[in-house]
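In what follows, every heavy atom counts, from backbone to side chain, and hydrogens, waters and symmetry copies are set aside. What you see is a predicted model; the values in this text were computed from it and never measured. Sequence lines set the chain letters: A, B, ... in the order given, protein chains first and strands last, and positions in each chain run from 1.
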Amino acid sequence: MEQQRLSGYFDYNATTPISTEVVESMIPTIKHFANPSSSNRHAMLSKKIINDTRNQVASLLNTQPSKIFFTSGGSEANNWAVKGVLLNHIANPGHIITSEIEHASVLSTVEYCVAHFGFSVTYLKPDQNGKVNVSDVERALRDDTQLITIMYANNETGVLQPIPDISKLARDKHIPFHVDAVQLVGKRRIDLEALHVDYLSLSAHKFYGPKGVGCLYIKDASRITPLIHGGGQELSMRSGTENLVAIAGLAKAAQDASNQVERWDQNNWSCKQYMMSLLDSSPIQIKYNGSTAYNDALSNTLNISIAGIRGEALAARMEIMHSYIISIGSACSNNKAKNISHVLEAMTLSDDDIVSSVRISFGRFTSRDDVKRFVTTLVAEVQALIAISGR
Amino acid sequence: MEQQRLSGYFDYNATTPISTEVVESMIPTIKHFANPSSSNRHAMLSKKIINDTRNQVASLLNTQPSKIFFTSGGSEANNWAVKGVLLNHIANPGHIITSEIEHASVLSTVEYCVAHFGFSVTYLKPDQNGKVNVSDVERALRDDTQLITIMYANNETGVLQPIPDISKLARDKHIPFHVDAVQLVGKRRIDLEALHVDYLSLSAHKFYGPKGVGCLYIKDASRITPLIHGGGQELSMRSGTENLVAIAGLAKAAQDASNQVERWDQNNWSCKQYMMSLLDSSPIQIKYNGSTAYNDALSNTLNISIAGIRGEALAARMEIMHSYIISIGSACSNNKAKNISHVLEAMTLSDDDIVSSVRISFGRFTSRDDVKRFVTTLVAEVQALIAISGR
Amino acid sequence: MYNDIIVDNFSAPNYVGDLETADHEIEIGNPVCGDRIKVQLLISDSQISKAVFRAWGCATSLATANVFCRSIEGQSITTISKRCTQEISSMLGELEPSQRHCLDILSELHSKLVSQLDIGVA
Amino acid sequence: MYNDIIVDNFSAPNYVGDLETADHEIEIGNPVCGDRIKVQLLISDSQISKAVFRAWGCATSLATANVFCRSIEGQSITTISKRCTQEISSMLGELEPSQRHCLDILSELHSKLVSQLDIGVA
Ligand SMILES: Cc1ncc(COP(=O)(O)O)c(C=O)c1O
Ligand SMILES: Cc1ncc(COP(=O)(O)O)c(C=O)c1O
């Protein structure tokens, strides 16, 4: 996708455009092939790149570099946190607390541990605003609860979960707490010194970095088993020859996020407010799915249901006719079965509201002008679809 | 490391120089940020890159594309094969056959499964030539053997293991057979149609591709559990947003290997024969560790013990004074304990022979002239070290 | 993604409309994904002289409705009834797995048309 | 990697040699990694007038032998015996963890020198 097409890109939560600065930080490292695990002089540069990145990520999260472990992305980080903690209890499988709105890389890993190793699990329902309640976490606690894993910001609705409160609870009860912060990093500031969670996942491609690299923050490495054993990289916690090019890109992405996250957030919040005001005063009939207030949700995400149309058809017209990219809450699937958002379903939206939903997500390259053009087009296309349906 | 320094690089088994063609195939993809899992038009290009790579790798290995699954490298592929098979037997942990000379990513994964889940294991010893014997595999077989995992070519000695024979045995006994072929791919041709193994690992950075991407070949995906669960990428066998840039590089690396492996091997074999003849006629006293015949070992690897010196000191002088990079069989370690090659130890080399060993490995960018200059320097430096020791 | 047939018929559907007095109406709904299509026809001499539709559904199903209308307008019921499955399948071009339910929609439109108007076929 | 002190002393060790008749000899060997160092000295008036070594070992230990010889040549045993641990440690520059065993080698060379020649210290 070309940079000039960015003004039509409203799917930042799927993946962000890689920034020019990140690209430029990656290109020179492609040719630098020395294996960071070797002991020759060329390997020093490879090691330096890796150390620099670790420092940048640590400073982005306000924590120590030694607690940052590189992975191949958010999915691996989530798998590692969940399995790494639970497989230590294999002789005595206990209880997991998670929510119904987690990303598939948490949900299916939890399901695997339940089905395969005999753990039990409580899936918390969010309220109608898309938020998991701390009191529900507290009620779900059992003597044998061995892990709490809750995401920081939901990828479909942007709704923020009460992570500081859950963290306090988990600490009081001495239960390991993992946070999937893949959607938060680069959108709001995280301060791990203040947050005190045990594990936290992030993924570079969600904040203008490359795909295929992420991190797991681990407060105490003695409590978790590696997911990938071997040659001893990453203090023997995550083996495998390092993906130097992507790690170099992550350094720049982390640095930029660290310096600019408030600025990006301001831009997002201004775009979001503007978008909501335009939608509210338009002739089309919409409902917001999940909270939209600044303190309750990411500034870059709007999930809406639009009366009288199918989200899929709207997204198709937006893209085919106007090159706008948005996401949908329900897709057709090849076996005629429903393929609808588990997040919106957990929020007890009706099927009609789900099939008529779209997710609009934007970011640092989005301007208010882009928003204005986008909403104008969206409204026209909704009206065209309603016209086709004849209602 | 710069391209012009390649003539001094004799550590191809640690990692290979990335080829210019591979670099050029990666650069344009860095900016192409569309998430391959999305359904918009830009994502089509991302999907196409991934499919093309799968086709190239399949054709490199002479198998179907649907059996190739991308990973973050050789270590992940090895972890996945071992745990993916064994964790299906968690209720009834049985027996594993492997060798003492495997890579750490196999050995420590096996150790983890043994210590943590109660599997038992037979570690086969190689003979003095560094080769595991099929009859030993056969003798080690038990009724409850659930996995055989043996590497194709050893990274330290280059010695080829009798994979076709073990494969036949494994098939006869219906035991899943995993092959770590990380060091073979790009050095000799593999034909999976003929080989019939169940799982095979490879890693792009060992054959002129980028670091951080590899594959696991899986003959029958219904028999193995994912290592990374989640969003459903790779037919739900390996989740996580794909590392597009590295995958694009792997396509080119696989294509080049497929077209040129015989040519590269010829060059290697010519260099190796030349190097051996130069060493044999030099005044220094050496022993070859492991077979050196064409049919018994990789053409690009020589592991030698040199009387009267320490490999570490030789490698240091070669690098510091002449910018030559080689590897060593024994390093000093921070706790004063021995840190010596488990491979050479398994071959029952004496400690003296191990501390005086170096591994020389080269590849497609190495010429006979490079070999000649290298040996001249090596001989002089060995003599200098012997002079310092006063023997 | 959408093939060219789908793109054209979906982005500029030219058979959308209502007839004040239709000679015949076909309505189908997919209970799973909720797509709904209503086709209205004018018929004279066992010929479809006019076909229009209304639809609510995914892009491919809207396109399917338009493709259907275009394909029957000006045709005799007999001709339409002779279309074989393969011919019907090919009318939508190559589809992704998730779009193939629209082949069912298209066959259903055909079979409803033919069965409900079988006077003409006899 | 190797710091500049190690690189210099290792790539061009200028205290390598044998003495036909040495006044004193120190020999140490590291039982684990097998490093062996032999230092020969000429001593006059409790001064080291000449120091040479032979060594078999890793790069850092060869450099250590050279650093040691240079640092004692021309010095009195008394001066050498007053070197504190910190001073001795700093003689090799900054070391990687795997190279730190050479600090032990260097202290051992010092302590052997001083204890064996303690006549001079009294
Ligand atoms: C909330 C959340 N967690 C985890 C992931 C997975 O991260 P990755 O795409 O790097 O595997 C994603 C993105 O897809 C996500 O949105
Ligand atoms: C034989 C062997 N197996 C596995 C690996 C691991 O592969 P990667 O470096 O991609 O993690 C290596 C290389 O380090 C190897 O030599």
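The side chain to side chain donor-acceptor pair (under 3.5 Å) search around A:Glu319 returns none, not counting sequence neighbours.
Interface check for chain A: of the options B:Tyr112, B:Phe117, B:Trp80, the most heavy-atom pairs under 4.5 Å are formed by B:Tyr112. Considering only heavy-atom pairs separated by less than 4.5 Å from chain A, the leading option among B:Gln233, B:Glu76, B:His229 is B:His229. Between chain B and the residues A:Ile247, A:Asp11, A:Ile320, the largest count of heavy-atom pairs under 4.5 Å involves A:Ile320. Chosen from A:Leu244, A:Thr225, A:Asn78, the residue pairing most often with chain B at heavy-atom distances under 4.5 Å is A:Thr225. Between chain B and the residues A:His103, A:Glu242, A:Lys83, the largest count of heavy-atom pairs under 4.5 Å involves A:Lys83. Chain B forms more heavy-atom pairs under 4.5 Å with one residue of A:Val82, A:Val22, A:Ile90, A:Thr71 than with any other, namely A:Ile90. Each of B:Ser108, B:Ser37, B:Gly73 has some count of heavy-atom pairs under 4.5 Å with chain A, and the biggest count is that of B:Ser108. Of the listed residues (B:Val23, B:Ile326, B:Val106, B:Leu227), the greatest number of heavy-atom pairs within a distance under 4.5 Å of chain A belongs to B:Leu227.
Contacts with chain B (heavy atom to heavy atom, under 4.5 Å) involve these residues of residues 206-215 of chain A, listed by number: A:Lys211, A:Gly212.
Both the backbone and the side chain of A:Leu87 come within contact range of chain B, judged by heavy atoms closer than 4.5 Å. Only the side chain of A:Ser38 comes within less than 4.5 Å of a heavy atom of chain B; its backbone N, CA, C and O stay farther away.
Expressed to the nearest 0.5 Å, how far CZ of A:Phe33 lies from OG1 of A:Thr29 amounts to 13.5 Å. Separation of atoms OG (B:Ser239) and CG (A:Asn79) is listed at 7.5 Å; rounding is to 0.5 Å. One distance of note links CZ of A:Phe69 with CE of A:Met237; it measures 5.5 Å at 0.5 Å rounding.
At a cut-off of 3.5 Å, with distance as the only test, no side-chain donor of A:Ser357 or A:Arg310 sits close to an acceptor on the other residue. In the model, A:His205 has no side-chain atom that pairs as donor or acceptor with a side-chain atom of A:Thr16 under 3.5 Å. Using a 3.5 Å distance cut-off with no hydrogens or angles, the side chains of A:His178 and A:Thr149 do pair a donor with an acceptor. With hydrogens and angles left out, the side-chain atoms of A:Asn13 and A:Asn155 include no donor and acceptor closer than 3.5 Å.
Judged purely by atom type and a 3.5 angstrom limit, B:Asn35 has no side-chain atom pairing as donor or acceptor with the backbone of A:Thr15.
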Apply salt bridge (Lys or Arg N to Asp or Glu O under 4.0 Å) to the pair B:Glu24 and B:Lys252, showing each step before the final yes or no. CA-CA 9 Å; B:Glu24 277 162 12; B:Lys252 187 67 189 140; over 6 Å; no

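Ring to ring, B:Phe374 and B:Tyr324 are close: their centroids are under 6.0 angstrom apart.
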